[in-house]
Amino acid sequence: MTPQQPRQQRNTIAILAVTQVLSWGSIYYAISVLAPEIQRELGWRSDLVYGAFSWSLLIAGLCATHIGAWLDRVGGRAVMGAGSLLAGAGLIVLSRTHTLFLYWLAWSMLGLAMAMVLYEAAFAAINREFGYAARGIISKVTLLGGFASTVFWPLTLKLNGLIGWRDTYLLYGLVQLFLCAPLHGLLGVRTRAPSDKTVHGERATPGYTLAQAVAHPVFWRLAAAFAANSLVGSALAVHLIPLLHKLGHPVAAIVVFAALFGPMQVLGRIGEMLFASSVRPQSVGMLAFGALPAALLALILAGERQWAVAAFCLLYGLSNGILTIVRGTVPQALFGREHYGAISGALAGPSLVARAAGPLAVAALIQAQPSVTVVLGVLLAVSVGSLLCYLNAVRIEAPAPVPAL
């Protein structure tokens with residue numbers, strides 16, 4: 001490591017930590033607070049208001065592979081900077097909309113922007129810049145970025161009360177244009193990452209091309225694992241409070257328990273950072289994927305009891321916090337770093353589609369079968385399937401890729 005690299009790493013961590021908090025908060029988390037206000041003012045049905053957000057996640061998934069390949073070629077400065085400009089424009093259009101066409105157009109712009117500025121793009125930029133030293137940087141960025149919801153839910157609620165949902169989104173758009181875009185412009189422009197030869201004392205995985213990775217069964221098992229986990233996570237994000245309420249818990253108590261999510265995410269990420277030098281990312285992933293079915297099982301067995309709800313919140317927060325890092329580190333460990341952006345983008349695509357579909361699928365399930373136990377049982381089955389796909393993926397010793405001619 002050259003003398004300049006520690007400072008370069010600190011600068012990258014600082015830039016991406018700030019922009020991830022601002023981008024996740026303004027693009028992803030704010031809608032949960034502002035959607036009721038949009039619906040009330042414009043008189044639209046909730047499925048139209050929330051459906052546009054799901055549409056944006058679908059667009060992000062469909063674009064992820066191409067954005068990742070672009071990041072491999074030109075780096076984070078150009079792609080993430082352009083993404084911030086697009087996000088700013090999308091938020092400003094959203095703030096001025098009076099028609100469904102403009103509303104859905106704004107979310108289409110924001111869906112493309114998500115693929116360019118959120119975690120997957122940041123991970124690809126870090127990988128391109130720092131090679132096999134990326135794991136520690138990813139851990140630190142996600143640790144700090146995990147405060148996005150903690151900051152932006154109360155902030156958005158406060159701003160909405162002071163200036164309304166339109167000017168709140170306008171302000172967030174200006175933040176993207178005049179703060180996030182310039183910060184992304186300060187990212188490094190390394191054309192070649194360090195040529196580290198080993199990871200944890202083992203020889204580094206040779207680099208797969210996207211075509212070679214997609215042709216390997218490990219890719220599809222890993223993609224299925226991430227997608228199934230995302231489906232469960234997005235469904236829980238929307239339906240957990242009403243499901244727990246049906247189990248007999250007061251909403252106020254549920255909110256108190258849900259407050260455990262954030263601290264457990266942070267605790268999980270701190271733990272990953274502490275053990276990163278001695279534990280392979282594949283092994284960390286086993287903990288992250290295994291904690292989710294354990295959390296759901298606690299609810300199924302004793303969901304009427306408060307200790308089971310607390311256990312669920314603790315385990316789910318731990319799982320979700322660590323899994324964010326796993327998404328950024330396991331693809332590099334399995335497929336190498338040369339084409340990381342394209343490969344991780346291809347892996348992220350099904351997950352983003354599943355994230356968009358999860359709330360809708362579980363809403364339909366609840367409509368058809370009101371039993372909370374049945375709903376939780378289906379989610380448990382999907383989470384177990386996710387764990388099995390992951391275990392199957394990481395146990396396979398992938399052969400070295402054939403050099404491209």
Report summary line: residues 282-308 vs ring pair (Phe, Tyr, Trp, His ring centres under 6.0 Å), sequence neighbours excluded, gives F226-F289, F289-Y390
Report summary line: Sorted by chain and residue number, the ring pair (Phe, Tyr, Trp, His ring centres under 6.0 Å) partners of F152 (sequence neighbours excluded) come out as Y172
Query raised in the report: Taking only residues two or more places apart in sequence or in another chain, which ones pass side chain to side chain donor-acceptor pair (under 3.5 Å) with E41?
Result: W165, R166
Requested in this report: Verify side-chain contact (heavy atoms from CB on, under 4.5 Å) between V21 and L144, making sure each step is shown before the conclusion.
Outcome: CA-CA 8 Å; V21 168; L144 298 170; 5.7 Å; no
Query raised in the report: Listed by chain and number, what are the side chain to side chain donor-acceptor pair (under 3.5 Å) partners of S84, not counting sequence neighbours?
Result: H184
Query raised in the report: Under the salt bridge (charged side-chain N to carboxylate O under 4.0 Å, His left out) test, which residues partner R96, sequence neighbours left out?
Result: D167
Which donor-acceptor pairs under 3.5 Å do side chains of residues 321-329 form with protein atoms, sequence neighbours excluded?
residue : atom : partner : partner atom : Å
T324    : OG1  : R269    : NH2          : 3.0
T324    : OG1  : N320    : O            : 3.2
R327    : NH2  : S230    : OG           : 2.9
T329    : OG1  : I325    : O            : 3.0

Report task. Using distance alone, with no hydrogens and no angle criterion, decide if S344 and E120 have a side-chain donor and acceptor under 3.5 Å apart. Result -> no
Query raised in the report: Taking side chain as C-beta onward, heavy atoms only, is L71 less than 4.5 Å from R128?
Result: no
**Report entry** Heavy-atom pair with the smallest gap, counting every atom of A393 and V218
**Finding:** O-CG2, 3.7 Å
Query raised in the report: V309 versus H249: any side-chain heavy-atom pair under 4.5 Å?
Result: yes
Query raised in the report: Does A122 have any side-chain contact (heavy atoms from CB on, under 4.5 Å) partners at least two apart in sequence or in another chain, and if so, which?
Result: L16, Q20, M80
Report summary line: Contacts of N11 meeting side-chain contact (heavy atoms from CB on, under 4.5 Å) (sequence neighbours excluded), chain-then-number -> R7
Requested in this report: Evaluate the salt bridge (Lys or Arg N to Asp or Glu O under 4.0 Å) criterion for residues E272 and K140: first the C-alpha distance (whole Å), next the side-chain angles of each, then the deciding distance (0.1 Å), finally the verdict.
Outcome: CA-CA 10 Å; E272 199 282 338; K140 293 181 177 67; over 6 Å; no
Query raised in the report: With a 4.5 Å limit on heavy-atom distance, are the side chains of L162 and K158 in contact?
Result: yes
Report summary line: So the side chain to side chain donor-acceptor pair (under 3.5 Å) pairs with at least one residue in residues 49-73 (sequence neighbours excluded) are W55-S108
Report summary line: Heavy atoms of L183 and I15 approach each other most closely as O-CG2, 3.4 Å
Query - Flag side-chain contact, heavy atom, 4.5 Å: R221 against L391 - result: no
Report task. Could you list the residues that satisfy side-chain contact (heavy atoms from CB on, under 4.5 Å) with W153, not counting sequence neighbours? Result -> Y29, S32, V33, S149
Query raised in the report: Do Q8 and E129 meet the criterion of a side-chain donor-acceptor pair at a distance under 3.5 Å?
Result: yes
Report task. For W24, enumerate each residue passing the ring pair (Phe, Tyr, Trp, His ring centres under 6.0 Å) test, keeping only those at least two apart in sequence or located in another chain. Result -> Y28, Y119
Query raised in the report: What pair of heavy atoms forms the shortest contact from Y169 to S95, and how long is it?
Result: CB-CB, 3.8 Å
Report task. Calculate, to the nearest 0.5 Å, the distance between atoms CD and CG belonging to Q306 and L244 respectively. Result -> 11.0 Å
Requested in this report: Begin from the C-alpha positions of L376 and L380 and carry the test side-chain contact (heavy atoms from CB on, under 4.5 Å) through to its verdict.
Outcome: CA-CA 6 Å; L376 293 175; L380 174 62; over 6 Å; no
Requested in this report: For side-chain contact (heavy atoms from CB on, under 4.5 Å), just list the numbers for Q176 and S23, CA-CA rounded to whole Å, side-chain angles, deciding distance to a tenth of an Å, and then say yes or no.
Outcome: CA-CA 7 Å; Q176 286 290 325; S23 297; 3.3 Å; yes
Query raised in the report: Is there a donor-acceptor pair closer than 3.5 Å between any side-chain N or O of R337 and the backbone N or O of Q332?
Result: no
Requested in this report: Using a 4.5 Å cut-off on heavy atoms from C-beta on, say whether the side chain of I67 contacts that of L112.
Outcome: yes
Requested in this report: Ignoring hydrogens and angles, tell me if any N or O in the side chain of W220 forms a donor-acceptor pair with the backbone of V214 under 3.5 Å.
Outcome: yes
Query raised in the report: Hey, does T97 have a side-chain heavy atom less than 4.5 Å from the side chain of L105?
Result: no
Query - Heavy-atom side-chain proximity of Y103 to L48 below 4.5 angstrom - result: no
Query raised in the report: Is there side-chain contact between S351 and L347, with at least one heavy-atom pair below 4.5 Å?
Result: no
Query raised in the report: Excluding sequence neighbours, so at least two apart, what forms side-chain contact (heavy atoms from CB on, under 4.5 Å) with L171?
Result: L159
Query raised in the report: Can F312 and L236 be said to form a side-chain contact (heavy atoms from CB on, under 4.5 Å), step by step?
Result: CA-CA 11 Å; F312 168 83; L236 288 172; 3.9 Å; yes
Query raised in the report: Distance from C313 atom SG to L240 atom CG, nearest 0.5 Å?
Result: 6.5 Å
